[in-house]
Every structure is written in structure tokens, then in C-alpha cells.
Protein chains: 2
Amino acid sequence: MAETVTGCMLIIGNEILSGRTQDTNLKHLAIELNELGVRMTEARVIPDIEEVIVAAVNECRAKFDYVFTTGGIGPTHDDITADCIAAAFGVRLIMDPTAEAIIRRREAPPDVMEARLRMARVPEGSTLIDNGTGGPPGFQMENVFVMAGVPMVMQAMVASLDAKRIRGGKPVRSRTIGAHLGEGQIAALLRGVQDNHPDVDVGSYPFYRDTGYGTNLVVRGTDEAELDAIVEELRSIIVDLGGNPTDGGL
Amino acid sequence: MAETVTGCMLIIGNEILSGRTQDTNLKHLAIELNELGVRMTEARVIPDIEEVIVAAVNECRAKFDYVFTTGGIGPTHDDITADCIAAAFGVRLIMDPTAEAIIRRREAPPDVMEARLRMARVPEGSTLIDNGTGGPPGFQMENVFVMAGVPMVMQAMVASLDAKRIRGGKPVRSRTIGAHLGEGQIAALLRGVQDNHPDVDVGSYPFYRDTGYGTNLVVRGTDEAELDAIVEELRSIIVDLGGNPTDGGL
């Protein structure tokens, strides 16, 4: 396979770990990164605790090509991500004048403004990540991209990432084919397909619904012609098993 | 604070990392674990790669009181979780007779049965986790609980976990109070509340909706009387800021 460019996501926030909030940023980021040629290779959900965040950032920025954090860049006491990134890189936090100007555009009483200006603090040496919602920006420090946790804001920041900032490989493409067959029925034959195509990831995803059970087969790889050929193999396998293959999955 | 019993979740599956599937198991498990007195302290989403799974299991079972895995225990070639747990503990995989009997209850052609019987393989020394859906069970190996990834099945397995298997601390309780105030308006005062109550976690969660923006404040801790007192403090703060406090959040 062509060189894989790897990405790791750090989801920072007690509210995800407590079960209070359902994370949806992982799915969004995974899909967008793939278009940039970056494969999401690991994701971690970690609490708002400085030592934990610093250790995770330092471990993951060494281990993966890119790291993307979400959460913890708001104005309150529990928003410590910028502090932690600065600590991880051993640099100072500074007030970014561009971020400060954006924040000051919206008037507020002095004490409120003081809290909001926390969001203009970035590690020295970082560059800003645009926030299309008009709020404070995120920032990039070397291979670490620091973004908001609120999905609308996070998505606006992700939308500003492009090939100038992220050097990806070939995007991964996928094909799905489904049938009303049990996963166990397909299992033995699927292993053969996987073994013949080591560069491709063949996954099987069983489902159980009111309308019956079945399995979707998902083939992922960077070579579209190979994916098409594998789908034809899977189609024959499904037909041989007495199933009715459905392109795009069920 | 009373001793905190920690749990780590390992979500095993390429389909989550690719963005194809939205994980919902974390939220469910976090809430259920809390009732057992276990605090979800970290979660990781990792791919279906043996070295990665083995390393994560060994790191996390040493670091946290309990580890819970989801995914990778079906009948197909990419279902390698049981193999990885056995490798992590340095024990053999054996056929569990109870699991085998459950699987054989449902008739199938020999090749299908062979694939399904993969799901009866457990690491030597493990005990089964009941699966109320009637399908194959999960298993527990020391402090590691191995469960299905399909939410319906995973939830059935979680439902069978109880105080006999999991020694938890006091469950964490929470109170929420919301107002149509910006997070920045509340920020400075919130830090004071947090500083006065180090055993309690005070979080602020801004929202932006068609009906306007606002912030929910969530107080979490094990002492219900302390939580109630903090909510009264927050109520006064909101009123002083000109807001209209809403119990339970907005």
C-alpha cells in the first residue's frame, strides 16, 4: 500500500466520559481527514486533567503524523487545553493579537471580556485555525491541531484545514455490498478474499432489524479498480450462498 | 474525595475510526458504570490490529481498575479480540463448553457452524458474561471485560454486570442548572465555586440554538448535600448576572 499518513484524535472533556454528552466529532473528523488523505488511526477520550492531557499530547504527537484535539478551549476554568499544549511543547502561552481582535469585536462588560480573552491565548510559535462561525480561532502547534468541542464550531475549523497545512496520502475509498445472510455464513469465504488482498481492509458488519438480519460487507482501500474487482468477488460469494446482493449495503 | 474506582473503555473497530459507524456504546457504558460506582476515566478507539490491541490492553489493565472492550468478537476473520486478550495475558484460547452449547442451539450448515464456533473461544481462566439476546456470551479475564460491539448485544452484556463482578465506589451524582447567559459571563465566578469545592467537578457547557444561546452548568460529585448547596450558589450567581436560572438545564 502507499504510505499511510496517520492521524490521532484527542477528545478532551469530562462530559464525554461521564456519558452526559454524545461525541459526534470523531465521525465528522474521520470522514474529513480521509478526504485530506489522513487515516484516523486512534482516538482517545481523556478528562480535563492537565497531566493526562500533556502526557497524551506528547505520546501521540510522536507516534502519529498528526494529532487533532477537540474541547477545552472555551473561556472557563475547566478550559485548559491551550495551557496543556504549551506545557507539552515547553513553550509560553502568549496573547495572539489576531485572536484578541476577533474576540474584542463583540462588546462585553470588562469581567466578561477578561474571561473571553482567555480564548486568545495560544502557545508561542503556533498559527491560528480559522473559525468560520466568527468566534475565536483554534490553533496549530507543529503537528497538533487544537479545535473547539462544540460540533458546529469544530466543523467550521475542520473546514478550514487544507493541503497547505496537512500533507496527506491517497484518500481511502470504500465500497459496500449487503445481503440478508448471517455474518457466520459469509465468514469462511471472507477470510479468503481478505488474504488475497492484503492492502485492502474487508470488514463485515452484521445487523439485526425489524425487517430481518443480515450483513454489510465494506471494502476499503486506495485503489478503486481493486475495490471494484473485490465487490464482484463478494457478489458471486453472496449469490453462491443463496443471497441477494445489494449494492451500497442494506 | 472517597477512593475513585476507575474504568477504561477500549472501542475496537476500524468502522468507528473510519467514520462509517457512530459509536454510542461509550455513552451507555459510562452511565451504567457510574451506577456501579466506576468512573469512566479514559476511552480509546483502536483499529483491528493485533499488536495495537494487545499493547492497549496491557497498558490499560495495569493503569485502571477495570477495562471494558467492545467489538471484534463476531465470527469473521477481522474478529480478533479474543485472540488478542489471550495474547495479552499470555494464556491459550480454549473452547468454552457453555458458549459452545449456546451457539449449537441454533442449527446451521457445517461451514457456518465452524465460523460461529469461533465465538466460543475464550482465554483460559476467563469467565463468561451473559448475553441476554440469546447469542454467544462475552467474557471476563481478570479485570478485563470483553463485550460485543453491536449496541443491542453490548447493552445486554452490560446489564448482566453487577456488584459481584465489579467492586465500585460511590456513584457520582450530578445536578444541572442552565441560563441564557454566555459562558464568558459566568466564567470568572465559576472558578471561585470550583476552588471552594475541590472534590466536586463543576463544568460549563455552552450551547447555541435557534432559540438563543446559553450555558448549562453541571456539578458532579458523590456528596448529594454538597451538590445541592453548590446549585444554590450557582442560582444566586445567575440571578446576580441578570439571568433566569433553570433547574435541570436548558
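The chains referred to below are lettered A, B, ... by the order of the sequence lines, with proteins before strands, and numbering in each begins at 1. Since this is a predicted model, take the numbers as computed values, not measurements. When reading the values below, keep in mind they use all heavy atoms of this one structure, side chains included, and skip hydrogens, waters and symmetry mates.
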Do you know which of B:A56, B:G7, B:G19, B:G13 has the most heavy-atom pairs under 4.5 Å to chain A?
B:G19
Rounded to the nearest 0.5 Å, what separates atom CZ in B:R44 from atom CG in A:L10?
10.0 Å
Applying a strict 4.5 Å limit to non-hydrogen atoms, the region of B:Y205 in contact with chain A is side chain
Residue pair B:N216 / A:E15, side-chain heavy-atom distance below 4.5 Å
no
Between CG of A:L29 and CG of B:L17, what distance do you get to the nearest 0.5 Å?
11.0 Å
Identify which part of A:V202 has an atom lying under 4.5 Å from any heavy atom of chain B, answering side chain, backbone, both or neither.
both
Side chain, backbone, both or neither: which part of A:T176 has a non-hydrogen atom closer than 4.5 Å to chain B?
side chain
Find out whether B:N14 and A:R220 are in side-chain contact, i.e. whether some heavy atom of one side chain is under 4.5 Å from a heavy atom of the other.
no
Heavy-atom distances under 4.5 Å only: say whether A:R118 touches chain B with side chain, backbone, both or neither.
side chain
One should read off an interatomic distance between A:S18 OG and B:L33 CG, to the nearest 0.5 angstrom, of 12.0 Å
Considering non-hydrogen atoms only, spot the tightest contact between A:E183 and B:G74 and give its length.
OE1-CA, 4.3 Å
Only pairs of heavy atoms separated by less than 4.5 Å count here; which of A:R20, A:Q194, A:R116, A:M113 has the most with chain B?
A:R20
Checking heavy atoms, do the side chain of A:D23, its backbone, both or neither come under 4.5 Å from chain B?
backbone
How long is the gap from CD1 on A:I11 to CD on B:E42, to the nearest 0.5 Å?
11.5 Å
Hey, which of B:T41, B:D111, B:V153 has the most heavy atom pairs under 4.5 Å with chain A?
B:T41
Please look at B:M119 and chain A and tell me whether the side chain, the backbone, both or neither of the residue comes under 4.5 angstrom of a heavy atom of that chain.
neither
Could you tell me which of B:G184, B:A115, B:A187, B:A30 has the largest number of non-hydrogen atom pairs under 4.5 Å with chain A?
B:G184
Residues B:M9, A:V45; criterion side chain to side chain contact (heavy atoms under 4.5 Å, CB included); working and verdict:
CA-CA 9 Å; B:M9 180 175 187; A:V45 190; over 6 Å; no
Please look at A:L26 and chain B and tell me whether the side chain, the backbone, both or neither of the residue comes under 4.5 angstrom of a heavy atom of that chain.
side chain
Just wondering, are more than 12 heavy atoms of other shown residues or ligands nearer than 6.0 Å to CD in A:E35?
yes
Turns out that what part of A:D78 lies under 4.5 Å from chain B's heavy atoms comes down to side chain
